Amino acid sequence: MNIKKEIFFILLTSVSSMLAFGQSTNYKTYTYNSKDSYNNLNFSFDIPQSWTVDREHDGTGYFLNCKPTNDSDTVNYIDCFDGIVFRIKYLRSNLDSALLTMGLQKKSERVYTTLFKGNIKIEYTTDIKDETYNGLHYTINNDIKCKSQNRKVAGHFQFIYFSDGKQTVCIATNGRNFDDTTFRKIIDSFKFIN
């Protein structure tokens, strides 16, 4: 295969993957300001242009939900993921206390157990750090029952925790993991704002 065909194939594969997973490469900055509910909670991070973050109204305990805004992404997320890309939870505590509140029991360095949808899971975490936060992330794999044809798909629930030592923000996907670019973009762009 000549070099032009190889480049074309790589570009075609990349674009197809992005379209198939509904996660765009154009980003915007989402900013939360404490004037809503939580005193002194101000943070921002980048999300795909075709997503929007709104107040939570489903009683899950998370205070913000992110949903896709374009038709093709909405259809992809509604059937198996209740139309939600991710949820955001606020915990008024440091990272260790937040993890305990979320049901994680530390077993050793970067190894936790948790009860997830009735099953005990062992989770291996990865530490993250920036100028304004310390945190970690992990992914829980658990099948999801979709609405159409009563089928199941492999669910990948990603949890990303950001803590400034006094308060912690948890971003949790609703069963569909972020693509690698979006995942890195969220972690690299997240910051607590004074």
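Values below: every heavy atom of this structure, side chains too, minus hydrogens, waters and symmetry copies. Along the sequence shown, the residues carry numbers beginning at 1. Quantities reported herein were computed from a predicted structural model and do not represent experimental measurements.
- With hydrogens and angles disregarded, a donor-acceptor distance shorter than 3.5 Å links the side chain of K28 to the backbone of W51.
- A donor-acceptor distance shorter than 3.5 angstrom exists from the side chain of T69 to the backbone of S50, with no hydrogens or angles considered.
- In this structure, NZ on K89 lies 5.5 Å from CE on M102, to the nearest 0.5 angstrom.
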*Begin with the C-alpha distance, continue with both residues' side-chain angles, and end with the deciding distance and a verdict on side chain to side chain contact (heavy atoms under 4.5 Å, CB included) for I171 and F162.*
CA-CA 8 Å; I171 296 174; F162 304 95; 3.7 Å; yes

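- For residues 146-159, the pairs satisfying salt bridge (Lys or Arg N to Asp or Glu O under 4.0 Å) are D79-R151, D82-K147, with sequence neighbours left out.
- Contact between Y77 and P68 at its shortest, heavy atoms only, is CD1-CG, 3.8 Å.
- Taking the side chain as every heavy atom from C-beta outward, S44 and Y32 never approach each other to under 4.5 Å.
- For the atom pair F86 CZ and F159 CZ, the distance stands at 13.5 Å (nearest 0.5 Å).
- Between the OG1 atom in T125 and the CG atom in L104 there is a gap of 8.5 Å [rounded to 0.5 Å].
- Inter-residue side-chain proximity for N42 and N194 is flagged as unmet; no heavy-atom pair is nearer than 4.5 Å.
- In this structure, S189 contributes its side chain and D46 its backbone to a donor-acceptor pair below 3.5 Å.
- Proximity of D188 to K185: side-chain heavy atoms (C-beta onward) are nowhere separated by under 4.5 Å.
- Although no hydrogens or angles enter the test, the distance criterion places a donor-acceptor pair under 3.5 Å between the side chain of T101 and the main chain of S97.
- Put simply, the side chain of Q158 never gets that close to the backbone of N174: no donor and acceptor are under 3.5 Å apart.
- Under the 4.5 Å side-chain contact rule for hydrophobic residues, V153 and V85 share a cluster.
- Nearest heavy-atom pair across S93 and T168 is O-OG1, 2.8 Å.
- With contacts defined as side-chain heavy-atom distances shorter than 4.5 Å, the pair N33/F43 does not qualify.
- Rounding to the nearest 0.5 Å places SG of C80 at 7.0 Å from CD1 of I144.
- Residues I160 and I128 are in side-chain contact: their nearest non-hydrogen atoms beyond the backbone lie under 4.5 Å apart.
- Counting only heavy atoms from C-beta outward, the side chains of I88 and Y62 never approach each other to under 4.5 Å.
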Compile the donor-acceptor pairs under 3.5 Å between side chains in residues 133-140 and protein atoms, sequence neighbours left out, one pair per line.
residue: Y133; atom: OH; partner: I187; partner atom: O; Å: 2.9
residue: Y138; atom: OH; partner: Y161; partner atom: OH; Å: 3.2

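- Within the model, atoms CD1 of I186 and OG1 of T181 stand 11.0 Å from one another, a figure rounded to the nearest 0.5 Å.
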Between side-chain atoms of residues 105-123 and protein atoms elsewhere (two or more places apart, or another chain), which donor-acceptor pairs fall under 3.5 Å?
residue: T114; atom: OG1; partner: G103; partner atom: O; Å: 3.1
residue: K121; atom: NZ; partner: N141; partner atom: O; Å: 2.8
residue: K121; atom: NZ; partner: N142; partner atom: OD1; Å: 3.2

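- Other residues sharing a hydrophobic cluster with L100 under the 4.5 Å side-chain heavy-atom criterion for ILVMFWY residues do not exist; the residue is a singleton.
- Between F192 and F190, the ring planes are perpendicular. Angles over 60° get that label, and only those under 30° would be called parallel.
- For S163 (side chain) and Q167 (main-chain N/O), a donor-acceptor pair under 3.5 Å exists by modelled atom type.
- With sequence neighbours excluded, the residues forming a ring pair (Phe, Tyr, Trp, His ring centres under 6.0 Å) with Y90 are Y38, listed by chain and number.
- In this structure, I78 stands alone, with no Ile, Leu, Val, Met, Phe, Trp or Tyr side-chain heavy atom under 4.5 Å from its own, directly or through other members.
- Taking CG of N177 as the reference point, atom OG1 of T182 lies at 10.5 Å (rounded to 0.5 Å).
- Contact annotation: the side chain of F63 approaches that of R55 to within less than 4.5 Å [non-hydrogen atoms, C-beta and beyond].
- Taking all atoms of both residues into account, the shortest heavy-atom contact from I84 to R87 is CD1-NH2, 3.2 Å.
- Contact annotation: the side chain of T173 approaches that of F178 to within less than 4.5 Å [non-hydrogen atoms, C-beta and beyond].
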_Worked verdict on T74 versus D71 for side-chain hydrogen bond (donor to acceptor under 3.5 Å, both in side chains)_ = CA-CA 5 Å; T74 300; D71 291 341; 5.3 Å; no

